[in-house]
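Below you'll find the structure, written out as structure tokens, and then a few comments.
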There are 2 protein chains.
Amino acid sequence: MASSLPKKKRDKTMQRIFNAAQKTFADKGFDGARMDEIARLAKVNKATIYYHIGDKRTLYERILNEIFSGIADSLLQNDDPVSPAEERLRTFIRMLAGLIDRNADLAAIMLREQASGAKDFPETLAQDFARIIGLITEILDDGVKTGIFKQTTPVIVHLMAIGTMVFTKMSSPIRSKLAGHVAAFDNIGNRLENEVAAEIEDLILGAVRK
Amino acid sequence: MASSLPKKKRDKTMQRIFNAAQKTFADKGFDGARMDEIARLAKVNKATIYYHIGDKRTLYERILNEIFSGIADSLLQNDDPVSPAEERLRTFIRMLAGLIDRNADLAAIMLREQASGAKDFPETLAQDFARIIGLITEILDDGVKTGIFKQTTPVIVHLMAIGTMVFTKMSSPIRSKLAGHVAAFDNIGNRLENEVAAEIEDLILGAVRK
DNA sequence: AAAAAGTTTAACCAGTTGGTTAAACTAACC
DNA sequence: GGTTAGTTTAACCAACTGGTTAAACTTTTT
């Protein structure tokens with residue numbers, strides 16, 4: 001495709017670097033990731049990364065920002081504040097499941113960030129988190145007011161939703177190995193969508209519903 | 001305390017190394033952890049680690065084994081197969097919450113292992129996992145038979161329980177920072193036990209109850 | 001008490017890795 | 001066409017890090 005847009009070459013190079021970095025950080029974590037490998041994956045000289053973006057930590061934070069602002073945008077754009085709270089919560093969970101399922105890197109990076117306890121948590125990230133928590137708080141409050149949800153702590157419900165999905169998504173290889181050990185083991189495969197996502201959705205709805 | 005037991009010095013040294021290693025791996029991850037730091041924390045010469053245990057990966061796998069076999073033992077020992085399924089599930093969740101709350105390193109290490117997708121997952125670990133999944137499967141089946149639980153996929157319920165607790169535990173610093181951003185933000189602090197653990201317990205019970 | 005077995009230590013090292021640099025190359029501008 | 005600004009590259013390097021070694025030290029055994 002002959003440069004579909006008159007976009008600057010700079011942007012294309014940057015995008016290749018970001019893609020490579022996201023995959024590498026997801027697979028190996030910040031400390032395990034090698035700048036040489038990111039460069040190789042991006043088909044770019046290592047010095048080009050330093051020229052365009054900066055050092056390893058800066059590159060990593062850019063990736064984090066891209067990911068979490070993307071999630072927050074998705075969730076907020078797809079929320080319809082006038083529909084019933086149950087529908088809104090289902091949409092919220094379904095969107096999240098879709099994002100995680102379409103991009104396993106998200107799950108890995110979220111887990112690692114959570115494990116690091118948000119040491120050196122950049123301010124911009126906090127704002128995206130706040131947007132997400134704000135939304136689910138609003139949805140749950142809505143449900144409580146209309147009498148269909150019981151009183152819960154929104155953060156916990158949110159952590160339940162995201163924790164369940166991320167763990168389910170990433171545990172796929174472990175579950176495959178386990179299939180040989182537990183007799184009645186129900187292997188649910190790698191996919192989060194469809195039946196599995198639907199079950200998670202139902203479980204969480206069951207948890208908050210009055 | 002003047003050597004409370006005639007235990008060999010070896011065991012004491014080993015224990016110091018394991019403690020230091022667990023903390024370091026939890027804080028920094030496998031790649032981020034430095035053997036020199038583990039040695040310093042354990043107040044032992046680095047070579048002593050290699051003499052008693054072996055290389056970094058071996059040390060790490062020992063820690064993993066200690067942690068997960070401990071969890072599996074705790075859960076199985078505290079299960080009372082003749083009590084009602086709801087009680088058994090509550091005990092299961094409460095035990096897990098207690099373990100995670102008493103030792104934050106568990107949560108961090110679990111998250112990182114999950115993020116790595118169980119690459120080079122040692123066989124012994126698989127057996128402990130199998131024991132845990134076997135137990136919760138039995139409990140949930142029990143509840144389905146006695147008509148109090150709906151039909152669910154045990155692995156998913158288990159991942160929901162563990163995911164929720166681990167995420168809640170480790171998100172404490174993020175939540176503190178967030179408290180400044182979201183107006184109606186409900187900061188639940190660092191503790192998992194008491195109210196928060198009780199709420200998680202109720203949420204999960206609500207999710208699986210008919 | 002001396003020999004043997006077990007444990008600790010300081011010093012060392014080779015391979016790796018994040019980051020730099022100066023020169024070459026390319027696109028834009030006059 | 002030539003000059004300038006922007007971009008890419010190969011080669012390089014200093015700091016770090018997992019792991020080793022040989023010698024010293026301690027405990028157990030005979």
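Hydrogens, waters and symmetry mates play no part in the numbers below; they use all other heavy atoms, side chains included.
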For this session: To the nearest Å, give me how far apart OH (A:Y51) and C1' (D:dG6) are.
Result: 5 Å
Problem set entry | Between A:S171 and B:Q114: side-chain donor-acceptor atoms closer than 3.5 Å | no
For this session: Could you check how far CG of A:D36 sits from P of D:dC13, rounded to whole Å?
Result: 16 Å
Exercise. If only side-chain N and O atoms of A:T13 are considered, is one of them under 4.0 Å from the OP1 or OP2 phosphate oxygen of D:dT7?
Worked result: no
Problem set entry | Presence of salt bridge, B:R88 and B:D142, under 4.0 angstrom | yes
For this session: Rounded off to whole Å, could you give me the CD1-to-P distance for the A:I53 and C:dG19 pair?
Result: 13 Å
Exercise. Of all the nucleotides listed (C:dG18, C:dT9, D:dG6), which has the minimum atom distance to the side chain of B:T48?
Worked result: C:dT9
Exercise. Does A:R34 put a side-chain nitrogen or oxygen below 4.0 Å from OP1 or OP2 of C:dT16?
Worked result: no
Exercise. Would you say D:dT8 has OP1 or OP2 under 4.0 Å from some side-chain N or O of A:H52?
Worked result: yes
Seminar exercise, completed: Assign each of B:K43 and A:D31 the nucleotide of DNA chain C bearing its closest heavy atom; nearer the 5' end lies the nucleotide of B:K43
Problem set entry | Between P of C:dT8 and CG of B:N45, the distance in whole Å | 9 Å
Seminar exercise, completed: CD (B:E201) and CE (B:M165) are apart, to the nearest 0.5 Å, by 9.5 Å
Problem set entry | For A:A107, side chain to side chain contact (heavy atoms under 4.5 Å, CB included) partners two or more places apart | A:I100, A:V166, A:K169, A:M170
Exercise. For A:R57 and C:dG19, what is the distance between atoms CZ and C1' respectively, to the nearest whole Å?
Worked result: 16 Å
Exercise. In whole angstrom, what separates A:K46's NZ from D:dT9's P?
Worked result: 14 Å
Seminar exercise, completed: With the side chain defined as heavy atoms from C-beta on, A:A47 is closest, among C:dG19, D:dA10, D:dG18, to D:dA10
Seminar exercise, completed: Rounded to whole Å, CE of A:M35 lies from P of D:dC13 at a distance of 21 Å
Exercise. If you look at every strand shown and take non-hydrogen atoms under 4.0 Å, does A:A33 touch a base, only sugar-phosphate, or nothing?
Worked result: sugar-phosphate
For this session: Can you tell me the distance, in whole Å, between the OH atom of B:Y50 and the P atom of C:dG6?
Result: 23 Å
Exercise. In terms of side-chain heavy atoms of B:K56, which of D:dT8, C:dT9, D:dG18 is nearest?
Worked result: D:dG18
Exercise. So how far is it from B:Y51 OH to B:T48 OG1, rounded to the nearest 0.5 Å?
Worked result: 9.5 Å
